[in-house]
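Okay, structure first, notes after.
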There are 2 protein chains.
Amino acid sequence: MSPRRPASQDLTLEMILQAAQNQFLENDYSHVSMRSIAKELGCSHGALYHHFKNKAELFYAIVEQDFRKLDLLTNQTLLEDGTKKKKLSLIFLRFIQFGLDNQSSYEIMFMYRSEEVNSLAKEVAYLSYKNFADTVGSLCEGHIRIKDIWSTFLSLHGFVSHYCGYPRVDSFADVKEVAEAHVEFLLKIYES
Amino acid sequence: MSPRRPASQDLTLEMILQAAQNQFLENDYSHVSMRSIAKELGCSHGALYHHFKNKAELFYAIVEQDFRKLDLLTNQTLLEDGTKKKKLSLIFLRFIQFGLDNQSSYEIMFMYRSEEVNSLAKEVAYLSYKNFADTVGSLCEGHIRIKDIWSTFLSLHGFVSHYCGYPRVDSFADVKEVAEAHVEFLLKIYES
DNA sequence: AAATAAATTGACCATTGGTTAGTTAATGAT
DNA sequence: ATCATTAACTAACCAATGGTCAATTTATTT
């Protein structure tokens, strides 16, 4: 009655994600093709479609892990030593750092408009923003409006999305000073 | 000795730009193809390459006009009646409005990384930013640092780039209230 | 009329994401 | 052990893309 179970899998989900991840470090979404991944794995590109519905879903699987990493980064900062202002500043700065040290991922997480996986994508992105907003909110205790947290996020996003993929900006280190100035700029609002 | 002069041109530069412009209102850069433009013009897509080096240059020609429109918007606002704060607020708001009412253009102007035309693109974009920064600076008279103007721009850019291409956001009208809140948020910094 | 060269076509190329008929091979039931 | 089932995979195929180019048309200068 029962059909055969899982069975042999020469090509595992992990292997595919790993190969995609590899190429994702060097090239962005549009420059990593299903064929280039298949080539690295030594299989036909059609085989990938047995494991993922389409290209968008494959890359979204990668990106889901990154959302968790980002959340963790924020939550850990909240628990560190230091004044509330210092923590706030670090949360903002680390958001920028995350974005610029994971540019390909950031692009899909917050910039790419997928069409195919948008319902899933938006859900996860929303939860991650909520985590950010709750954390920031808890460090302000009513001194700040919900609207302003959203504006802060958009301002950080503006920084990252501008420098993301910008020539000669390969990592956070390349824009550290400007990033610190931007965070300082945003913190002025939290002082008033 | 001298070869024939300009000659008849069944296909003018203006006609091509107009056709591209038309489709650009409905679809973004990646969804307007050289072939779809040629189809609208009733010519072969190869003909377009006689007038433009490549797709990027064709669209960049459109976008150059938009940079001037944006500059004009800023400069005209400076000359209107009202307090400096009111003018500042209007400049910010109209930047957002421009971005969301010309989403396809905004995408190329400030979001798209072209590779082919980057040297031209960056030059024009820089001049447009300079116009913005000078205008904002003149409304503050030393109360604000150059760094902060850049941060302000990035924050506005964050707003636009987030809502640009977002589902159900077809124009500025769809996000007017949030935009006003964002501008108000930014203005707090100018008060301190 | 001939020569010239701008303007345009249309066939072609490589690449892309995606589909699918057909094959291979592992498993469960007999 | 055999057979049926089905997951896993291949390879050929499709339509669309940006781009190139030899060949052709067409207008203009001489």
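Worth knowing before you read on, the calculation uses all heavy atoms, side chains too, and leaves out hydrogens, waters and symmetry mates. Convention: sequence-line order gives letters A, B, ...; per-chain numbering from 1.
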Next item on the list: Answer yes or no: does a side-chain N or O of B/H50 lie under 4.0 Å from OP1 or OP2 of C/dA7?
Entry: yes
Next item on the list: Using only heavy-atom distances, determine whether the side chains of A/T74 and A/R94 contain a donor-acceptor pair under 3.5 Å.
Entry: no
Next item on the list: May I have the distance from A/N27 (atom CG) to C/dT15 (atom C1'), rounded to whole angstrom?
Entry: 15 Å
Notebook entry, point to check: How long is the line joining NZ of A/K55 and C1' of D/dT17, in whole Å?
Noted result: 13 Å
Checklist line | Protein-nucleotide distance (A/I37, atom CD1; C/dT16, atom P), rounded to Å | finding: 11 Å
Checklist line | salt bridge (charged side-chain N to carboxylate O under 4.0 Å, His left out): pairs with one or both residues in residues 175-187 of chain B, sequence neighbours excluded | finding: A/R145-B/E184, B/K176-B/E180
Notebook entry, point to check: Distance check: side-chain N/O of B/H31 vs OP1/OP2 of D/dT17, anything under 4.0 Å?
Noted result: no
Note to self: Applying ring pair (Phe, Tyr, Trp, His ring centres under 6.0 Å), can you list everything that pairs with B/F159, at least two apart in sequence or on another chain?
What the structure shows: B/Y163, B/H182
Margin query: In whole Å, I'd like the distance from the CG atom of A/N54 to the P atom of C/dT20.
Written below: 14 Å
Checklist line | Rounded distance (Å) that lies between atom C1' of C/dA7 and atom CG of B/L13 | finding: 13 Å
Note to self: From CD1 of A/I16 over to P of D/dC9, roughly how many Å is that when rounded to an integer?
What the structure shows: 8 Å
Note to self: Expressed as a whole number of angstroms, how long is the span from A/M34:CE to C/dA14:P?
What the structure shows: 23 Å
Notebook entry, point to check: Nearest to the side chain of A/H51, which nucleotide is it out of C/dT16, D/dG18, D/dC9?
Noted result: D/dC9
Next item on the list: Calculate the interatomic distance between B/F59 atom CZ and D/dG19 atom P; express it in whole Å.
Entry: 11 Å
Margin query: Give me each pair satisfying salt bridge (charged side-chain N to carboxylate O under 4.0 Å, His left out) with a member in residues 63-76 of chain B, each pair once, sequence neighbours excluded.
Written below: B/D66-B/K69
Notebook entry, point to check: Residues in ring pair (Phe, Tyr, Trp, His ring centres under 6.0 Å) with B/F59, at least two apart?
Noted result: B/F24, B/Y29
Next item on the list: Check whether the side chains of B/H157 and B/Y106 place a donor and an acceptor atom closer than 3.5 Å, and report yes or no.
Entry: yes
Checklist line | For A/S30, side chain to side chain contact (heavy atoms under 4.5 Å, CB included) partners two or more places apart | finding: A/D28
Item checked: Strand contacts (DNA chain C) in residues 40-49 of chain A, 4.0 angstrom heavy-atom criterion -> A/H45, A/Y49
